[in-house]
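Below: one structure, written as structure tokens.
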Amino acid sequence: MASIQMGAQQGPHTAESIRQILMELSGLPMFKGAVSEGDIEELARLIEEKYGISMGLGAIVQSEDFRPWLHDARISGEMSDFYWGRYRRLLQQKGLPNAVIDSMDEVTDRILDRLGNPREESSWSRRGMVVGHVQSGKTANYTGLICKAADAGYRLIVVIAGIHNNLRNQTQARIDEGFIGRDTGRLAHANRGQRQKIIGVGKFDQREFPVSLTNTLRDFNKATATTNTSQIGQYNVPVVLVIKKNSNTLKNLLEWLKEHSVHQGTQMVSQPMLLIDDEADNASINTAYARDEVTRINSQIRELLSLFHRSCYVGYTATPFANIFIDPDTDDETLKQDLFPRHFIIGLDAPSNYFGAQKVFVDGQDRHIRIIDDNEDVLPIKHKIHQEVDALPDSLVRAVRTFVVARAIRNARGQHREHASMLINVSRFTDVQGRVKARVADIIGKIKDAVAVDGGKTEGAALRNPEIAALYEVWRKEYRDAEPQDWSQVQRRLHEVLVAARVVEVNASKRALALDYDQGGEYGVTVIAIGGFSLSRGLTLEGLTVSYFLRNSVMYDTLMQMGRWFGYRPNYEDLCRIWMPADGVGWYVHIHEAMEDLQVQLKRMELVKATPEQFGLAVRSHPESLIVTARNKMGTGRELPVRVGLAGRLVETTRISVGEEQLNANTAAASALASNISARRIRPEAVSRGTLYQEVPVELVRDFLRAYRADSADPLTDPRLMGDYIDARADSELRHWDVLFASAQKEEAPQMCLGGNVMRAYTRRVGTQELRGGVLAISGTSRRVGSPGDEQVGLTKDQIRSAIKKFQEERLRDNKEVPGTLPPRIFCEIPRRPLIILRFVAPKVDEEELKVKAPDLVLAWSICFPPSEVQGGTVEYVVNTVRMREMFGEEEFEEDAASEE
């Protein structure tokens, strides 16, 4: 019986272990036959919320001058626990598992300890960065940090929120609840006869209330702030501001601070100041082309910090590539110290119940993802501001119906008090968003009318109404196995869903309405939010259940931040659905792997006690950094040398030009490679994945890569880049290669023969838009040319076991489950010969819809580069604006200038 006790397991329970325990319990005589699989699943979710959720402590890379002070401050009694104690109680009241709260307690201690000691009177300045996951709880983390900073003695706290009012207002509301304890919107009108409203932490202890110079209704205003200075007194309580990341706001704040630097005999600028920069990679970075042309917001943030004798800057972001590209050597009298996180970089682990890219795009893709393939004739991805919206794609209509049904199911589950949202992000233009909103509102109106007339009838009679029948069809295909498994219960809830449903725009237009979830009452808010950039940064859509995403970008930060569907979905994760194009799915898988790689690097560099500057160099040389370079470092006509790291990496030809002449030349190059290998009398070895040749001289592989051409939009397969990297190691690490002529397992697959090697083709899904432009772009589920496990070819059993064991130990150390599909990098990061895999790809595409002929077979390659001791495993690659436009297209460069806002 000990094995089925909840406390018997060492470490946190996993979803699997909880369900295994319940299955064992259900088999006991007292329960046999009385417990269904649905009962077990429902109970498992409840237990998982209480006992099965854990959160690791992340990793820290810090400067060599770190001197801890927090422990001594607590022991000496210099630091209270007032603000953090209130906030901890609020988190417990909200139902956060104790394990997660304990982890947040420890992590915020780690961050605070690396800030300046507010009791130290000499001047100091600290710069740091906290790297989390999209929608994973960064706001809760920095609210906890603010509470502890106030307990430690920080007396001025500035939070720079997003670049739009709705995000600033949302952030202010969370600071009100978690730190201030009063509704600042009501407080602002207290002099008009309204009573103060105590909220959040204020309900636990009202001995102190921080002073807020901003409120939920209004950003910073000099006149308003001046009238509140009487509340500041001698800084017995902290002063907090939540401001928009806007140059005018920052200008007003700077002027006000300079005008009121002395107040009642106490210098404001001499107070220890903490600045939290939310979404720190957006608008804070110096993107100017020359060092003396500092962007306004970047310059103003630096000036704000320089006003104070003791200041700390902490940037929070989920996409830190851009921050790492800040030049750490921009300290001078004119520019002040830049925002490079020179003192610490801390990675936040997401709790185990985080609904992130791993769950959405890897583990549960079949459940959660639906492909959009019917939009081009109605609402193409690339369109102008005058795009008409005469109709909506059928997939969007289905998504709206899915949201209505999902909300009804949630209500039937007893979640009617919770909020529910749908996201529609199909255009960056507010005019187009308005047209889409009108069409969606029409759909909701028709469904509402149908349910009002026939929704109360018996199931058979109601289903004669085509609108209700369409909802039933959605339920049957999407949610038939979800609780409750009875359509009649869902149908009974449709009326209350549609009466409450609102369709709103979230953008900068005059038509837009604020997303207000603070309405209380018996029913939560039900909203369909239509927007663009405003929905892509920081804004939380409460209870997000269904998303329809039709945007095109290859910028990592843009794509990941648009992923508003990430977060926490207690008791309705199974209902969540995301519609997006097939190539978008591939990009998200690819970006997830890149971000995971970044976190792995952070943990490894913590072990070797690396500094932030050293970690910055590692990130800058990451192959994916070229994409970030495109936006953050390129100026007109400027050439920029970038060091690209290929050691321990997998590189693949995921984009190939489909010109017939070039395709034939690529196949001829592969045929020549096969013939040259045979001429060297290298014996072939038949393996499960094809024919393997070992100890192949580097010059044969190098000749093949010089002749092969992929697509100019993929810098990593550029022959110059490949050639330079290999040449530097041709006499040492890359002297001999393994070459695999890969062959698919399907006997019926089309085949080719190269130098006596029979190669059956692999079917791969490709993007239709790219194919129209003459490029075969691998999309599909993983955006990979190869197959899982390819990288193990040529390794011994001991090498494979060692690589897997090391990866498993890393995951267990971080309290993370080992995924079913192992990442390819773990087999490239061990000492081995380089491996090149050649294969033929049979493109999978709808020819009738495409209206262009896809090639029958295309030769592609994959290379697994081993670790390298030469030049740090990097190679220099020079790019300029022209090259960047070739790689990423015009629209990526125009996104900011021609955006919806």
Side-chain angles (χ1 to χ4, degrees), residues 162-170 244 246 372 374-404 419-449 498 500-517 525-542 544-553 558 561-562 564-565 578-581 584 891 894-901:
I163 63 176
H164 299 296
N165 286 326
N166 46 26
L167 177 55
R168 193 215 69 84
N169 296 344
Q170 189 177 77
K244 187 167 59 175
N246 174 277
I372 302 173
D374 61 349
N375 63 290
E376 278 304 302
D377 293 335
V378 181
L379 186 60
I381 290 180
K382 290 186 177 182
H383 58 259
K384 300 298 183 182
I385 193 171
H386 302 296
Q387 173 72 37
E388 294 297 328
V389 185
D390 297 323
L392 296 178
D394 289 342
S395 56
L396 178 50
V397 176
R398 181 177 179 84
V400 171
R401 288 170 175 155
T402 302
F403 173 65
V404 171
H419 304 307
S421 302
M422 177 181 180
L423 174 153
I424 299 177
N425 190 338
V426 296
S427 176
R428 72 178 193 263
F429 301 116
T430 56
D431 286 353
V432 178
Q433 293 164 22
R435 296 173 194 127
V436 171
K437 180 217 169 182
R439 295 292 178 186
V440 172
D442 287 345
I443 294 169
I444 290 294
K446 290 178 181 177
I447 299 173
K448 183 178 179 180
D449 291 344
L498 291 158
R502 295 187 303 134
V503 183
V504 302
E505 287 180 64
V506 182
N507 52 37
S509 71
K510 295 180 180 179
R511 304 179 304 271
L513 298 175
L515 270 178
D516 182 11
Y517 290 103
V525 171
T526 301
V527 63
I528 298 176
I530 300 168
F533 193 75
S534 293
L535 290 177
S536 304
R537 277 278 175 185
L539 191 68
T540 298
L541 296 175
E542 301 286 351
L544 182 58
T545 311
V546 174
S547 302
Y548 191 89
F549 181 72
L550 196 61
R551 298 292 299 278
N552 186 32
S553 176
T558 304
Q561 293 292 350
M562 284 179 177
R564 296 293 94 194
W565 46 80
I578 303 167
W579 270 261
M580 65 168 47
E891 188 170 340
E894 296 171 355
E895 181 75 25
D896 286 345
S899 69
E900 46 135 33
E901 306 295 355

Exercise. Please step through side chain to side chain contact (heavy atoms under 4.5 Å, CB included) for the pair V432 and K384, ending with a clear verdict.
Key: CA-CA 9 Å; V432 178; K384 300 298 183 182; over 6 Å; no
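- The line from NE2 of H383 to CG of L550 is 8.5 Å long, rounded to the nearest 0.5 Å.
- In plain terms, the two heavy atoms of V525 and R502 that are nearest each other are CG1-NH2, 4.1 Å.
- For the residue pair F549 and I372, the shortest heavy atom distance occurs at O-CD1, 3.7 Å.
- To the nearest 0.5 Å, atom CG of residue N507 and atom CZ of residue F429 are 13.0 Å apart.
- At distances below 3.5 Å, at least one donor-acceptor pair connects side-chain atoms of D374 with backbone N or O atoms of S395.
- Separation of atoms CD1 (I444) and OG1 (T526) is listed at 10.0 Å; rounding is to 0.5 Å.
- Annotation: salt bridge (Lys or Arg N to Asp or Glu O under 4.0 Å) contacts of R435 (sequence neighbours excluded): none.
- Taking both residues in full, the closest heavy atoms of G532 and N425 are given as O-ND2, 3.5 Å, listed atom of the first, atom of the second, then distance.
- In this structure, Q387 and L379 approach most closely via the heavy-atom pair CG-CD1, 4.1 Å.
- In this structure, T545 OG1 and L423 CG are separated by 11.0 Å, a value rounded to the nearest 0.5 Å.
- Atom CD1 in I385 sits 6.0 Å away from atom OG1 in T430 (nearest 0.5 Å).
- Remark: of the listed residues I424, V546, I443, I424 is the sole one forming a side-chain contact (heavy atoms from CB on, under 4.5 Å) with I528.
- Under the side chain to side chain donor-acceptor pair (under 3.5 Å) criterion, K448 pairs with no residue at all, not counting sequence neighbours.
- The side chain to side chain donor-acceptor pair (under 3.5 Å) check on S421 picks up Y517, with sequence neighbours excluded.
- Remark: T402 pairs with no residue by the side chain to side chain donor-acceptor pair (under 3.5 Å) rule, at least two apart or across chains.
- Closest approach of V503 to A441, counting heavy atoms only: CG2-CA, 4.1 Å.
- For L396 against M422, the heavy-atom pair with the smallest separation is CD1-CE, 4.3 Å.
- The line from CD1 of I530 to OH of Y548 is 12.0 Å long, rounded to the nearest 0.5 Å.
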